[in-house]
There are 2 protein chains.
Amino acid sequence: MERSNAVPTARRHPRRRPEHLAEDLLDAAAIEFASHGYDGASTRRIADRAGAHQPQINYHFRSKEHLWRATVSRLFEMMALQLRRQVDEGSSVGAFSDAIRRFLRFSSVHPELNRIINLEATSPSSRLDWLVATHLDPLHRMVGSAWAALRASGEGADLTADEVWELLTSYGALHFANAPMLSRLQTSADGDPAAEAHADSVLRLLFPARMPGPR
Amino acid sequence: MERSNAVPTARRHPRRRPEHLAEDLLDAAAIEFASHGYDGASTRRIADRAGAHQPQINYHFRSKEHLWRATVSRLFEMMALQLRRQVDEGSSVGAFSDAIRRFLRFSSVHPELNRIINLEATSPSSRLDWLVATHLDPLHRMVGSAWAALRASGEGADLTADEVWELLTSYGALHFANAPMLSRLQTSADGDPAAEAHADSVLRLLFPARMPGPR
DNA sequence: GTCTATACCGAGATAGAC
DNA sequence: GTCTATCTCGGTATAGAC
């Protein structure tokens, strides 16, 4: 294992009396799972990062797998919070675009969710089954019907709903999830500044007629 | 660790006398690294999958890290072989499109490369540094100058070279790398059949004027 | 070059004192 | 709820017979 930079080195003996240890553990778990994948992440490091002991994880969550699910569900809840105004509500281009901007803004602030999803996306597992059934499929349906409504009213580029889904998740959100790599290839890719610019890029692909603007 | 389906169960005692054990180990390593990430992959399973013993890996390659680099380099060589006619050669739309089709065809047959790249893309590591410096940066430059030439001659959509790079790798290649997830969301995503259709989708985004064709 | 045996470490999980 | 101690397992790597 490569453990380049030591975790914030939680002080050893005196652990501390956290109001919300469970929350802290979930925060730490998100980072570790996103960086090393499920198999590669270790509950020891997660506990360390949260300033807790490793057995606390088994106490507060039942197992590593339960911790993973709780972590993912929490990230989805945070995203839903940031989206509030749902995608399927207004079928207007404005509402749809607004939802996309919120989604991408969230993805730039919390790239962990898309990272975790992408780590699981490449090989079948019970985690992937759960992820799709519990979280992704409902979202996919919402986006699909919203796009269908737009297309029916003559708006939007000539793309299928599945193509739009992939554009949003792969091209759109991965821009932030893969920032460590992209920043090594390009001038700058991570951080908030580029978030709105990338959203513009996505929207230009989806609505070329509306946003032909030069760069 | 979740080890859902047992590896082809290499016969135990009688190992075999392989012509190219190293090649077999690299094939097996590609699959395991792509499925579980560097940390999650185990040299035992890789050896098992190749019908070899675990210590053989340390004999033929120096370490797990060396095995990983050899695996990645081999996949890039296979891709270069499939691309043969280089991207930067002709600056015509036809040559560029042809290269993209070859790239995506390779990605659909060997999704392991894009999977491995994506696994490393999300967090800094010495492996990511090596990957970018050795393999990705040269490719990125080639694509960049090829696209610049096209744009200079008035061809192609209003996209920056970096946007094109992300469209090709994230939207384009990930379609195949993430097939296990996408196939659970959509009607069908993996396998060769959809490869050309997805290439059409990518090219339609890059050259809307030329390929406005309905679906 | 191939195999067995094994060293050594870190993983997840549990028991039980506090 | 928190902590220490510890169990068991699987990880990478090495030594050495063949």
Side-chain angles (χ1 to χ4, degrees), chain A residues 1-7 9-26 28-29 31-33 35-71 125-127, chain B residues 1-7 9-26 28-29 31-33 35-71 125-127:
Chain A
M1 279 234 205
E2 175 171 328
R3 296 278 110 111
S4 44
N5 38 7
V7 157
T9 311
R11 50 241 165 268
R12 263 298 143 190
H13 271 98
R15 274 287 125 128
R16 58 100 173 248
R17 214 131 315 271
E19 309 287 89
H20 316 291
L21 213 199
E23 300 276 310
D24 291 352
L25 284 172
L26 290 174
I31 295 173
E32 292 294 322
F33 282 133
S35 299
H36 303 283
Y38 180 81
D39 290 334
S42 103
T43 56
R44 275 189 229 262
R45 274 178 63 90
I46 293 172
D48 266 7
R49 185 181 282 276
H53 287 279
Q54 182 261 341
Q56 306 282 71
I57 287 181
N58 290 78
Y59 177 79
H60 285 280
F61 308 88
R62 241 195 95 58
S63 64
K64 187 185 185 183
E65 172 116 14
H66 282 80
L67 171 65
W68 182 86
R69 293 194 186 191
T71 302
S125 72
S126 61
R127 292 190 303 278
Chain B
M1 281 233 206
E2 174 172 329
R3 296 276 109 111
S4 44
N5 39 6
V7 158
T9 312
R11 47 242 169 266
R12 262 300 144 189
H13 270 98
R15 274 283 121 133
R16 57 93 175 254
R17 213 131 315 270
E19 308 286 89
H20 317 291
L21 212 198
E23 299 277 308
D24 291 352
L25 284 172
L26 289 173
I31 296 173
E32 291 294 323
F33 282 133
S35 300
H36 303 284
Y38 181 82
D39 291 334
S42 103
T43 55
R44 271 191 233 261
R45 276 177 61 90
I46 293 172
D48 266 7
R49 185 181 283 275
H53 287 279
Q54 184 261 338
Q56 306 282 71
I57 287 181
N58 291 78
Y59 176 79
H60 285 281
F61 308 88
R62 242 197 94 58
S63 64
K64 188 185 184 182
E65 173 116 13
H66 282 80
L67 171 64
W68 182 86
R69 293 194 186 192
T71 302
S125 73
S126 59
R127 292 190 303 279

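Below, chain A is the first sequence line, B the second, and so on; all start at residue 1.
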Report task. Calculate the interatomic distance between A:H60 atom NE2 and C:dG12 atom C1'; express it in whole Å. Result -> 17 Å
Query raised in the report: A:Y59 or A:R44: which one's nearest nucleotide on DNA chain C is closer to the 5' end?
Result: A:R44
Report summary line: Output field dot_bracket for DNA chain C (Watson-Crick or G-U, both distances under 3.5 Å, | for other-strand pairs) contains ||||||||||||||||||
Report summary line: Quick note, B:P55 side chain, CB onward, closest among C:dT14, D:dT12, C:dA5 is C:dA5
Report task. Provide, to the nearest angstrom, the distance between the CG atom belonging to A:D48 and the P atom belonging to C:dG12. Result -> 12 Å
Report summary line: Rounded to whole Å, CG of B:D24 lies from C1' of C:dT2 at a distance of 15 Å
Query raised in the report: Taking A:Y38 for the side chain and B:G40 for the main chain, is one N or O donor matched with an acceptor at less than 3.5 Å?
Result: no
Query - For atom CD of B:E32 and atom C1' of D:dG10, their distance in whole Å - result: 14 Å
Query raised in the report: In Å, rounded to the nearest 0.5 Å, how long is the span from NE2 of B:H60 to CG of B:L25?
Result: 6.5 Å
Query - Residue B:H53, side-chain atoms from C-beta onward, closest of C:dC3, D:dT12, C:dG12 - result: C:dC3
Query raised in the report: Per the atom types in the model, does the base of D:dA13 pair as donor or acceptor with the side chain of B:Q54 at under 3.5 Å?
Result: yes
Report task. Could you check how far CZ of A:R45 sits from P of C:dG10, rounded to whole Å? Result -> 12 Å
Query raised in the report: Using a cut-off of less than 4.0 Å, is there contact between a side-chain N or O of A:N58 and OP1 or OP2 of C:dG12?
Result: no
Report task. Take the protein atom NZ of B:K64 and the nucleotide atom P of D:dG10, then report the distance between them rounded to whole Å. Result -> 16 Å
Query raised in the report: So do the side chains of B:H53 and B:Q56 get within less than 4.5 Å of each other, counting heavy atoms only?
Result: yes
Report summary line: Value for NE2 (A:H36) from OG (B:S125), rounded to nearest 0.5 Å, stands at 9.5 Å
Query raised in the report: What pair of heavy atoms forms the shortest contact from A:D39 to A:K64, and how long is it?
Result: O-NZ, 3.7 Å
Query raised in the report: Rounding to a whole Å, what distance do you find between A:H20:NE2 and D:dT2:C1'?
Result: 18 Å
Requested in this report: Evaluate the ring planes of B:F33 and B:W68, with Trp represented by its six-membered ring, and classify them as parallel (under 30°), tilted (30 to 60°) or perpendicular (over 60°).
Outcome: perpendicular
Report summary line: When rounded to whole Å, the CD1 to C1' distance for the pair B:I46 and D:dG10 reads 14 Å
Report summary line: Here the gap from B:I57 atom CD1 to B:L67 atom CG, rounded to the nearest 0.5 Å, amounts to 5.5 Å
Query raised in the report: Closer than 4.0 Å, any side-chain N/O of B:Q56 to the OP1 or OP2 of C:dC3?
Result: yes
